[in-house]
Amino acid sequence: MDKIFSLFDKPSKPVYSLLIMFLVIISFVLWQFTTPSIIPKPVKILEELKWLIIHKSLIYELISTTITCFKAIFYSSLIALSLSYLGIVISFFRPISFFVTKMRFWTLMGFSAIILFLTPDTNSFKTVMLIFGITPFLVTGFNASLESIENSWYHYAQTLKLSKLEIFWNVVIRKSAPELLSVIRQNFAIAWIMIIAAEVAVRDQGGIGQVLYDSSTRFIGPNGYARPFAVQLIILLMGINIDYLLMLIRRKLFPYVYLKTDK
Amino acid sequence: MGYMKTNQILVSLKGVQKSYDDHVILRELNLEVRDIRRDDNDNRNTQQAQVVSILGPSGIGKTTLFRLLAGLEKPDKGTVLINDPYRLLTNETTDQHLIPARAGLSGVVYQDYILFEFLKVRQLLMLGAKQSGEIMSQEDTNRLVNEYLEKFQLTEHADKFPAMLSGGQKQRVAIAQQMLCKPQLLLLDEPFSGLDPVTKKDVMNLICEISHTNEYLSIVIISHDISSAIKVSDTIYLIGRARNTEHKIIPGAYIHHDRTVDLAKMGVAWKPELWDGNEFFEITAKIENLFPYLSGLSDD
């Protein structure tokens with residue numbers, strides 16, 4: 001316990017958990033008793049949360065948004081993986097992969113009307129917007145991971161007389177898989193924020209973004225801004241939980257990665 | 001206990017030169033490793049692989065030479081030839097047949113014991129066995145892998161990932177995996193580096209054991225650890241720089257053949273009982289004194 005203030009020391013898991021609990025309790029206490037009155041208090045937020053669950057199908061909308069987000073992440077990952085793998089293996093595709101990474105700086109907002117016109121319904125619109133939005137970030141992360149594979153790994157595979165296809169499978173795909181899942185996990189946060197923004201922009205297909213918009217404009221309750229705060233809180237908690245789930249999946253699929261870090 | 005060198009060339013480097021960005025690393029490098037036969041007192045030939053060490057100071061170009069021997073890089077000039085390992089599989093070992101070094105012909109064990117971290121020890125050895133080029137049933141492959149696990153003292157670690165092993169254990173897995181690929185040349189890059197004295201001695205014993213079990217396998221050790229390398233080798237080649245008549249350093253390292261130490265000829269090779277004796281101590285001191293000259297720090 002005395003190590004928590006010493007430099008470059010890592011706290012043990014129980015100590016770390018205690019620190020988090022302590023931080024959460026202190027935050028709630030400070031929030032409840034010291035913040036200005038315009039900021040809604042935790043108790044009021046919980047009251048509004050209950051109202052939203054009962055009257056605005058908050059859980060249903062949350063699940064709907066999560067499914068759309070997962071669907072978009074899945075398709076984006078497939079597209080991004082194809083581009084990154086092709087860029088690494090065949091020189092012809094490298095400029096394409098490079099170009100896609102630069103699309104991170106291209107805002108989709110001015111383009112949204114065209115996507116809306118080209119998609120059959122607004123649900124597809126959200127998915128396509130998200131795919132367009134997140135793929136450049138995933139390609140950037142995937143490219144960085146794949147390019148960081150040292151030549152010695154390819155040499156090692158060559159000395160084992162592995163064929164080019166086997167080298168691709170073992171060195172490029174299997175070796176980089178944990179890193180690529182990390183990239184997806186890191187970019188999930190961007191996707192999560194993007195889908196909420198898309199739902200706020202297109203409000204006639206539901207989703208947690210629509211609930212957030214309605215709560216902060218049309219349906220402000222008796223507790224002032226407590227209702228949008230409640231939605232924000234749910235968005236935050238869901239994001240944290242999915243992030244944790246992705247971490248568990250990574251731990252389950254690639255246990256050897258954690259053997260290194262645990263050491 | 002005598003020995004004789006046969007006509008069979010196992011490794012041949014002729015006029016090898018290698019530069020990076022106009023910076024000469026190796027120049028006019030010539031080396032010929034010939035097969036060796038050992039005669040014991042009972043007049044029967046004892047199985048004995050050739051174990052050659054190439055010693056030199058750090059940063060002299062040993063790793064470049066290692067990559068050239070492994071066929072992972074091509075020389076700018078000259079040739080790197082090795083005995084075709086596939087002829088061994090077809091029992092055609094009598095005729096000389098040298099082919100240019102290419103990746104996959106030699107077994108390679110890196111200094112940092114690179115192993116696929118997503119495979120367990122048994123799976124790593126299975127991969128090695130499958131790459132041997134021999135057609136084996138699953139049952140035979142399993143039996144062979146179990147034999148290697150036992151031989152390399154890895155049975156209790158068979159279901160562990162490389163991240164769960166110590167440096168010495170990883171090295172044993174790496175050697176076993178490469179041995180299962182059935183190479184005719186096993187290249188070891190700094191095999192004694194970063195090991196404690198006990199593990200270092202284990203590695204030395206392991207190299208001796210391997211050299212006794214497969215006559216047709218040649219082991220080339222590239223190292224700067226003089227005392228360990230000379231104990232397991234029959235020949236020591238020294239690689240380093242030299243100065244011209246004006247005492248200026250000539251760019252690029254080469255093999256100093258005039259300094260070659262033939263431990264077999266001296267009668268001290270293959271004798272672990274002498275490892276702690278004066279002979280090895282003196283040879284080590286003699287080579288150590290040459291290192292400043294080889295690194296270009298002194299004239300002689």
Side-chain angles (χ1 to χ4, degrees), chain A residues 10 13 77 81 84-85 88-89 141-142 144-185 246-263, chain B residues 63 66-73 85-86 101-121 123-134 159-167 170 173-183 185-189:
Chain A
K10 200 179 164 189
K13 272 184 186 169
S77 301
L81 277 175
S84 297
Y85 285 150
I88 285 286
V89 177
F142 289 169
S145 295
L146 295 176
E147 277 162 14
S148 70
I149 300 172
E150 288 169 24
N151 272 344
S152 50
W153 289 100
Y154 293 99
H155 289 162
Y156 165 59
Q158 282 177 298
T159 63
L160 287 172
K161 296 182 252 182
L162 296 183
S163 67
K164 287 197 170 155
L165 198 64
E166 287 168 326
I167 292 175
F168 178 67
W169 168 241
N170 285 293
V171 179
V172 180
I173 295 184
R174 291 190 77 181
K175 183 168 165 42
S176 66
E179 272 300 303
L180 300 191
L181 189 55
S182 269
V183 171
I184 293 173
R185 190 181 157 203
L246 290 173
M247 190 270 282
L248 287 182
I249 291 171
R250 188 171 183 262
R251 193 175 267 268
K252 188 80 189 160
L253 290 178
F254 315 111
Y256 51 88
V257 175
Y258 293 89
L259 293 172
K260 270 189 254 176
T261 47
D262 286 351
K263 265 186 179 179
Chain B
T63 304
F66 182 80
R67 288 204 203 105
L68 291 172
L69 284 168
L72 298 169
E73 283 188 38
Y86 296 104
R102 63 165 196 271
L105 288 181
S106 309
V108 178
V109 178
Y110 291 96
Q111 186 178 354
D112 42 4
Y113 327 127
I114 292 178
L115 295 164
F116 288 132
E117 69 265 42
F118 47 83
L119 295 179
K120 292 178 178 172
V121 171
Q123 294 169 315
L124 284 162
L125 298 198
M126 291 292 275
L127 179 66
K130 280 176 189 159
Q131 296 303 115
S132 68
E134 285 179 40
D159 295 316
K160 289 181 184 172
F161 287 109
M164 300 158 87
L165 304 175
S166 69
K170 276 187 207 171
V173 177
I175 294 174
Q177 188 186 38
Q178 295 289 344
M179 293 278 293
L180 278 162
C181 282
K182 296 257 186 294
L185 182 66
L186 182 65
L187 298 165
L188 306 176
D189 184 21

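All chains are named by letter (A, B, ...) in the order of the sequence lines, taking the proteins before the strands, and each is independently numbered beginning at 1.
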K.L.:
Nearest 0.5 Å, what's the CZ-CZ distance between B:Phe161 and A:Phe254?
P.N.:
11.0 Å
K.L.:
Give every donor-acceptor pair under 3.5 Å between a side-chain atom in residues 165-172 of chain A and any protein atom, sequence neighbours left out.
P.N.:
| unit_1 | atom_1 | unit_2 | atom_2 | d |
| --- | --- | --- | --- | --- |
| A:Glu166 | OE1 | A:Ser163 | N | 2.7 |
| A:Glu166 | OE1 | A:Ser163 | OG | 3.2 |
| A:Asn170 | ND2 | A:Glu166 | O | 3.0 |

K.L.:
Indicate whether any N or O donor in one side chain lies under 3.5 Å from an N or O acceptor in the other, for B:Gln178 and A:Tyr156.
P.N.:
no
K.L.:
Between CZ of B:Arg67 and NE2 of A:His155, what distance do you get to the nearest 0.5 Å?
P.N.:
7.0 Å
K.L.:
Evaluate the side chain to side chain contact (heavy atoms under 4.5 Å, CB included) criterion for residues A:Thr159 and B:Leu105: first the C-alpha distance (whole Å), next the side-chain angles of each, then the deciding distance (0.1 Å), finally the verdict.
P.N.:
CA-CA 7 Å; A:Thr159 63; B:Leu105 288 181; over 6 Å; no
K.L.:
Could you tell me which portion of B:Leu127 (side chain, backbone, both or neither) has an atom closer than 4.5 angstrom to a non-hydrogen atom of chain A?
P.N.:
side chain
K.L.:
Under the side chain to side chain donor-acceptor pair (under 3.5 Å) test, which residues partner B:Gln111, sequence neighbours left out?
P.N.:
B:Ser193
K.L.:
Nearest 0.5 Å, what's the CG-CZ distance between A:Leu160 and B:Phe116?
P.N.:
6.0 Å
K.L.:
Side chain, backbone, both or neither: which part of B:Leu119 has a heavy atom under 4.5 Å from chain A?
P.N.:
side chain
K.L.:
Are any side-chain N or O atoms of A:Lys161 and backbone N or O atoms of B:Cys181, one a donor and one an acceptor, separated by less than 3.5 Å?
P.N.:
yes
K.L.:
How long is the gap from CD on B:Glu73 to CG on A:Asn151, to the nearest 0.5 Å?
P.N.:
9.0 Å
K.L.:
Which one of B:Asp112, B:Leu187, B:Val109, B:Leu115 has the most heavy-atom pairs closer than 4.5 Å to chain A?
P.N.:
B:Leu115
K.L.:
Is there a side chain to side chain contact (heavy atoms under 4.5 Å, CB included) between B:Glu117 and A:Lys175? Walk through the geometry before answering.
P.N.:
CA-CA 8 Å; B:Glu117 69 265 42; A:Lys175 183 168 165 42; 3.0 Å; yes
